[in-house]
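Data block below; observations after.
Computation of the quantities below employed the complete heavy-atom set of this structure, encompassing side-chain atoms and omitting hydrogens, waters and symmetry-equivalent molecules.
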Amino acid sequence: MSMLRRILNDIRSLLFPAECPVCGGDLCEGEHFICTACRFNAPLTGFCDEAANPMTERLAALLPVVRASAFLYFVNNGEWRRLIHKFKYHGQWRYARKMGVWYGHALKRSGLYDDVDVVVPVPLHLFKRLRRGYNQSEYIAEGIASVLGVKVDRRSVVRRVNNPSQTRGDSASRWDNVEGVFAVRRPEALRGRHVLVVDDVFTTGATVVSCGEAILREVGDVRLSVATLAVSRNEFYLDR
């Protein structure tokens with residue numbers, strides 16, 4: 001049976017070669033999801049390996065976090081930006097989970113996130129979730145949690161206000177846009193635990209900070225860390 005499956009997979013690969021979602025080139029034998037060249041050239045931040053990094057420093061002034069990280073730099077008009085848009089806006093949610101797995105391995109390798117108890121994705125409002133069909137942050141969280149060996153909690157934190165998208169507007173309006181939009185409906189599920197809040201893209205940080213504030217306020221006894229898949233390079237190097 002295994003031989004038959006291998007033959008069928010070879011035929012499928014011949015007729016429908018897998019493509020790298022970043023550059024669009026065919027994947028070679030032994031390459032998984034993203035080609036070797038794109039992995040080598042990925043705009044990785046390196047924050048996973050540093051307890052004190054620009055993400056931690058940025059959030060520390062806004063939120064009492066234990067750890068904070070972002071995996072990639074979100075580069076405007078770049079191929080990696082288009083990959084994120086594929087799973088965020090164009091239904092290719094499997095890419096989000098696979099990126100989460102890659103990110104999870106980096107977090108696991110660093111050893112800095114070994115005491116995380118549960119992963120909480122930043123929730124979408126029900127109406128937005130129904131319109132899109134899924135929450136991409138949940139799939140990123142699934143990938144990370146599968147490597148860290150912990151569970152994903154999708155139920156305890158909710159988005160009670162269907163606020164406008166954060167992709168438009170200046171920094172001040174983004175902070176106003178997310179004020180008070182999150183709530184915790186099962187605080188006992190998070191109490192006494194180290195919670196890793198996961199989101200897709202960090203720009204001003206307004207969304208993830210608002211979510212984290214709700215958890216700290218309504219749970220009380222909780223340790224909080226943050227992991228976003230991508231971060232805008234301008235957030236850290238705007239003045240350089």
Side-chain angles (χ1 to χ4, degrees), residues 20-22 32-34 38-39 41-50 53-56 58-59 63 65 67-110 112-113 116 118-124 128-129 132 134-148 150 152-154 157 159 165-167 174 178 195-212 224-236:
C20 172
V22 180
H32 176 67
F33 176 42
I34 292 172
C38 287
R39 284 180 183 269
N41 293 310
L44 301 178
T45 64
F47 295 170
C48 302
D49 301 315
E50 305 171 13
N53 61 63
M55 186 82 161
T56 308
R58 170 60 65 88
L59 280 173
L63 203 63
V65 294
R67 306 283 187 215
S69 178
F71 191 47
L72 300 167
Y73 285 117
F74 189 73
V75 183
N76 287 337
N77 300 317
E79 293 172 328
W80 290 92
R81 180 176 184 268
R82 288 192 289 274
L83 169 62
I84 292 172
H85 282 187
K86 285 176 182 178
F87 64 69
K88 188 167 183 174
Y89 301 116
H90 303 296
Q92 299 187 41
W93 54 266
R94 289 181 179 82
Y95 292 161
R97 194 181 193 285
K98 290 180 178 179
M99 288 300 298
V101 169
W102 188 12
Y103 192 3
H105 281 294
L107 296 173
K108 182 72 172 178
R109 187 171 58 249
S110 76
L112 297 173
Y113 296 80
V116 166
V118 63
V119 178
V120 173
V122 171
L124 288 178
K128 187 173 292 184
R129 184 190 178 95
R132 184 174 295 173
Y134 61 93
N135 176 3
Q136 69 279 355
S137 293
E138 285 188 8
Y139 288 112
I140 298 170
E142 279 186 10
I144 291 174
S146 69
V147 179
L148 295 183
V150 298
V152 178
D153 186 335
R154 304 173 183 81
V157 182
R159 199 175 196 129
S165 171
Q166 290 285 85
T167 57
R174 290 188 182 202
V178 295
V195 176
L196 180 63
V197 175
V198 170
D199 203 8
D200 53 1
V201 179
F202 183 104
T203 48
T204 63
T207 299
V208 75
V209 167
S210 180
C211 183
L224 199 70
S225 289
V226 170
T228 65
L229 182 64
V231 64
S232 171
R233 190 186 294 271
N234 289 339
E235 288 302 308
F236 301 128

note = Rounding to 0.5 Å, atoms CZ (Arg58) and CG (Leu63) come to a distance of 13.5 Å
query = Nearest 0.5 Å, what's the CZ-CG distance between Phe71 and Leu44?
reply = 5.0 Å
Test your reading of the model: is there a side-chain donor-acceptor pair from [X] to the backbone of [Y], 3.5 Å cut-off?
| X | Y | value |
| --- | --- | --- |
| Lys86 | Pro21 | yes |
| Ser137 | Pro121 | no |
| Ser210 | Thr207 | no |
| Arg97 | Tyr139 | no |

task = Using distance alone, with no hydrogens and no angle criterion, decide if Ser110 and Asp49 have a side-chain donor and acceptor under 3.5 Å apart.
result = no
ask   = With a cut-off of 6.0 Å (strictly less than), are more than 12 heavy atoms of other residues, nucleotides or ligands near CZ of Arg132?
value = yes
Sequence neighbours left out, what passes side-chain contact (heavy atoms from CB on, under 4.5 Å) with [X]? Give chain and number order.
| X | answer |
| --- | --- |
| Leu148 | Leu107, Lys108, Ile144, Val150, Leu196 |
| Trp80 | Val22, Ile34, Cys38, Ala42, Pro43, Leu72, Leu83, Met99, Trp102 |
| Arg129 | Leu124, Asn135, Glu138 |

task = Can you see which heavy atom on Leu112 is nearest to which on Glu50, and at what distance?
result = CD1-C, 3.8 Å
Distance-minimising heavy-atom pair for Phe47 and Pro54 = CE2-CD, 3.4 Å
Taking ring-ring contact (aromatic ring centres under 6.0 Å, His included) as the definition, give me every residue that meets it alongside [X], ordered by chain and number, with sequence neighbours left out.
| X | value |
| --- | --- |
| Tyr113 | none |
| Phe87 | none |
| Phe74 | none |
| His85 | Tyr89 |

note = By side-chain hydrogen bond (donor to acceptor under 3.5 Å, both in side chains), Glu79 pairs with (sequence neighbours left out) none
Partners passing side-chain hydrogen bond (donor to acceptor under 3.5 Å, both in side chains) against Ser69 (at least two apart in sequence or in another chain) = Tyr103
Please list, chain by chain and in numerical order, all residues satisfying salt bridge (charged side-chain N to carboxylate O under 4.0 Å, His left out) with [X], sequence neighbours excluded.
| X | result |
| --- | --- |
| Arg81 | none |
| Arg39 | none |
| Asp153 | Arg186 |

query = Can you check whether Tyr95 and Phe33 have ring centres sitting under 6.0 Å from each other?
reply = yes
